[in-house]
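Each chain gets a letter, A, B and so on, in the order its sequence line appears, and its residues count up from 1. Bear in mind that the values here come from a model prediction, so they are computed numbers and not experimental data.
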Number of protein chains: 2
Amino acid sequence: MPENKSARADRILDAAADLLLRWGYRRVTIDEVAKRAGVGKGTVYLHWRSREALLMAVLLRESVGMFTAVAEHVRRDPDQVRLSALMSALYLESSARPLVLALYTKDTETLGTLVQTSSGTQVQGVKLVTFEEYYHLLREHGLLRADVSNDEVSYACAAVLFGFFTMSQLAPAEFAQPREQEAGMLAGVLRARFEPPRPSKRAAEALAPKIVSLLEDLATQYHELIYRPDISEGG
Amino acid sequence: MPENKSARADRILDAAADLLLRWGYRRVTIDEVAKRAGVGKGTVYLHWRSREALLMAVLLRESVGMFTAVAEHVRRDPDQVRLSALMSALYLESSARPLVLALYTKDTETLGTLVQTSSGTQVQGVKLVTFEEYYHLLREHGLLRADVSNDEVSYACAAVLFGFFTMSQLAPAEFAQPREQEAGMLAGVLRARFEPPRPSKRAAEALAPKIVSLLEDLATQYHELIYRPDISEGG
DNA sequence: GTGTGACCAGTTTTGAAATCTGGTCACAGG
DNA sequence: CCTGTGACCAGATTTCAAAACTGGTCACAC
């Protein structure tokens, strides 16, 4: 055993991710994944309880990368913690990751029934809670308009984000825009509706570190689910 | 022939619409439509060139109803011509018409490949032109913010509208909102981003009749396509 | 202890026959 | 001569059983 277990897990995930993108959810077989990762089939099951858990882990790893990148943005420039900037970054970072994009556009060819499974909804739940916490903190720091409720931010913001994702995917060619421009439009909409007219730079600086931890916590939770999916066995 | 031809066409469309909603695109058969409409199968083909043309006509008739209703809103209250109000009305009227809703949410189970066909894209084209004209007139009357380009209105507005439609369809139950509230949120987003701070009431009153005609023209064009689909034969 | 692939049961794919359906048109009815 | 019809056809879809495949296990090799 000349190799690190975590490195092996990542090699398996690499193979699975590659197949998932190339062939779509249905065609990914454990045999093929194992072959490409250079391990025996049984070895895959030493890491994940089932095929579904493996593919879910692939998505989670992509998501970790995305959230880490967004956290990095905020760390570098605290002003990026504002709703419009953070969602814009989320949009761009997701767009650059095909599997995450598939997640947001409900691409069932690529993701199959993965998001509808119990572990899938569980993961969505974790993400949801994080977002609600983010909105809550934004408000506490005076970075949301007073005349818009948190429920409205939560719903309308999701709708807008969703709209931009689907639009970029299936808009006819004559409508296509550069990603950065789409992200800019998205930011414009969110800023105009949900941010106060003159957001306090100081408030953003105070909030930024909290959001960075929040995102890193989320990444950590995901990381746990990727490499220790069997943590709550024997239910 | 004791009956009006247009009435017969509508009876066939009624039957087809019913089946389309009940059974979805794939299961609608011309035989069944004819039987329910109380006519022979061949008679259906006296009205429409093909199955696809018939089903397209069903959608067009629904759309005509929707646009007519929106036009009526604007006629009753000229202030409803503003982007946020008109889109909000469009949202509500579409939501009340399952087939139109299916159109906006790309419900392929119900619509099949209908929107992707040549006549489908042609119809979309007509609608698109009408919307562009609407944006153009809004700007001419000073009812759009000067700092947002028409291209941005066109793209971002579509994205936002799209987002609210998809959100209402597939949001998890705990997110569900009353339609009117969703429409209100939609209006709030569009107003904040695209409308000038204090839109002129007088401008709206001047514009309203033009938009009413624009919508009625669109309805007329659709009407033509519904009952005379073979107008451009022998290509 | 760690890793493997032969093995099993249940699912999916295959392919050819049977059925169905969009579209036509010769003819009935007036 | 005109309108409306349903039997008919070719091609598409469904059916169903046999064959092939695949997720997951575990006895065994190292």
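When the P atom of dT22(D) is taken as reference, atom CH2 of W23(A) falls 9 Å away, rounded to whole Å. In this structure, K35(A) atom NZ and dG5(C) atom C1' are separated by 13 Å, rounded to whole Å. For the pair N4(A) CG and dT2(C) P, the computed distance is 14 Å after rounding to whole Å. Here the C1' atom of nucleotide dG3(C) and the CD1 atom of I12(A) are 11 Å apart, to the nearest Å. Following rounding to the nearest Å, L54(A) (CG) and dT22(D) (C1') show an atom-to-atom distance of 14 Å.
Between E133(B) and K210(B) there is no salt bridge, since no side-chain N of the basic residue sits under 4.0 Å from a carboxylate O of the acidic one. Classification of K41(B) and E32(B) as a salt-bridged pair fails, no side-chain N sitting under 4.0 Å from a carboxylate O.
Ring planes of Y155(B) and F164(A): tilted class, angle from 30 to 60°. Between Y135(A) and F131(A), the ring-plane angle classifies as perpendicular under the 30° and 60° cut-offs.
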Practice task
Treat primed atoms plus P, OP1 and OP2 as sugar-phosphate and everything else as base, then score nucleotides 18-24 of chain C 5' to 3': B for base contact with protein heavy atoms under 4.0 Å, S for sugar-phosphate contact only, - for none.
Solution key: ---SBBB
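Remark: Y104(A) pairs with F165(A) by the ring-ring contact (aromatic ring centres under 6.0 Å, His included) rule, at least two apart or across chains.
Under the 6.0 Å distance and 45° angle rule, R51(A) counts as a cation-pi partner of Y25(A).
No donor-acceptor distance shorter than 3.5 angstrom exists from the side chain of R8(B) to the backbone of N4(B), with no hydrogens or angles considered. Distance alone, capped at 3.5 Å, places no donor-acceptor pair between the T43(A) side chain and the V39(A) backbone.
Taking the C1' atoms of five terminal pairs at each end of the helix from dG1(C)-dC30(D) to dG30(C)-dC1(D), the two resulting helix axes are inclined by 10°, rounded to 10°.
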